[in-house]
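Working notes, structure below.
Only heavy atoms go into these numbers, but all of them, side chains included; no hydrogens, no water, no symmetry mates. Quick note on labels: first sequence line is chain A, next is B, and so on, each numbered from 1.
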2 protein chains.
Amino acid sequence: MAMRMDPLTVEVVELIGSVVARYHEEYERAAAEHALTGAQARVLGLLSLEPVAMRKIARKLKCEPSNVTGIIDRLEARGLVERRPDPADRRVKLAAPTEEGRRMAAALRDSLDFAREPLAELSAEERTVLRDLLRRMLGQ
Amino acid sequence: MAMRMDPLTVEVVELIGSVVARYHEEYERAAAEHALTGAQARVLGLLSLEPVAMRKIARKLKCEPSNVTGIIDRLEARGLVERRPDPADRRVKLAAPTEEGRRMAAALRDSLDFAREPLAELSAEERTVLRDLLRRMLGQ
DNA sequence: CGAGTTACTTGACAATCTCAAATATCCAGG
DNA sequence: CCTGGATATTTGAGATTGTCAAGTAACTCG
């Protein structure tokens, strides 16, 4: 089982681990700045473009639908999200941002410095190279 | 506040988001394969090289020390970790892996496919380029 | 020695997550 | 139309992770 990895690959994996850690810290920090948890910020971002059914939120988050109920409950209690009926299917509830929710989502995006800071180090050419490598890694 | 980002940067940020999501899924899956939670797997990995003081674990995880107490409690209850006194400071408790804990940590590393699968797409030259770009991004 | 700091634990509480069960609705075949 | 099976959501129980405040033990330094 133990597939030996060459030092280069090991280093790349470790660097990716650092990027992941950094990304999470930034995300949590940005959420906390607005008195949100990471999960709440993620969900608010998800539905900021258009109303999304509970089921679909669960799929995106890769969790059980019953978990989404609680997260939407808390966002709704804070007036950031509201539940709407789906005209096409009365079983479905769509989670939609309120005006305040939309403002909050925009503010969250702005305070996510992860995008700016580390990438500012790279030139446009380097970003293109990075984009292509990441695309290939992700099999796109 | 709203700093407009060019399309290239936006795409790179989205790709990094995908890498982060993928990394987490893999990590949780690998942990679950061994009936561990993500946090337990992370801590076990941390102390698999050498015993680590509770305090230091908390710093690495960026959480409160009181949180680490519970995680180590559960790992200890499963016989994967034991608490040892620090000969140099009687206040300190060192969390050290048991034999079984060491085996578990090794098995976890082996089942972390994230390293292998996506990077297998890239040649050695490409990995070198990726490594250098990630290093610069992280300011190393 | 004594004051202040440090390390860890405990207890109370919130949020996130899973699973099983309940309710309401949809859909397809008869 | 009507019934059986699938789907969407919620509820409730319980585990885990996280915070904060308070408590205990041990270290450090003047």
Candidate nucleotides D/dG18, C/dT10, D/dT9, ranked by approach to the side chain of B/Ile71 - the nearest = D/dG18
How close do A/Arg84 and A/Pro97 get, heavy atom to heavy atom, and via which atoms?
-> NH2-O, 4.5 Å
Donor-acceptor pair present, A/Arg91 side chain and D/dT9 base, under 3.5 Å = no
Looking at every strand, decide which applies to A/Asp86 at a 4.0 Å heavy-atom threshold: base, sugar-phosphate, or nothing.
-> nothing
Select one nucleotide: of D/dC20, D/dG18, C/dT6, the one nearest the side-chain heavy atoms of B/Glu64.
-> D/dC20
Side chain of A/Lys93 (C-beta onward), nearest among D/dT17, D/dT9, C/dC26 | D/dT9
Is the phosphate of D/dT10, meaning OP1 or OP2, less than 4.0 Å from a side-chain N or O of A/Arg83?
-> yes
How would you label the contact of A/Arg59 with the nucleic acid (heavy atoms, under 4.0 Å): base, sugar-phosphate, or nothing?
-> nothing
Taking all heavy atoms of A/Asn67 and all of A/Cys63, pick out the closest pair and write down the distance.
-> ND2-SG, 3.6 Å
Can you find an N or O donor on one side and an acceptor on the other, under 3.5 Å apart, linking the side chain of B/Ser66 with the base of D/dC20?
-> yes
So, does the side chain of A/Arg90 form a donor-acceptor pair with the base of C/dT25 at under 3.5 Å?
-> no
So, do A/Ser111 and A/Glu33 sit near enough that their side-chain heavy atoms are less than 4.5 Å apart?
-> yes
Going by atom types alone, do B/Thr9 and A/Arg127 pair a side-chain donor with an acceptor below 3.5 Å?
-> yes
Selected nucleotide, minimal atom distance to B/Asn67 side chain, candidates D/dT11, D/dT19, C/dA7 | D/dT19
Looking at C/dC8, D/dT10, D/dT19, which one has an atom nearest to any side-chain atom of B/Cys63?
-> D/dT19
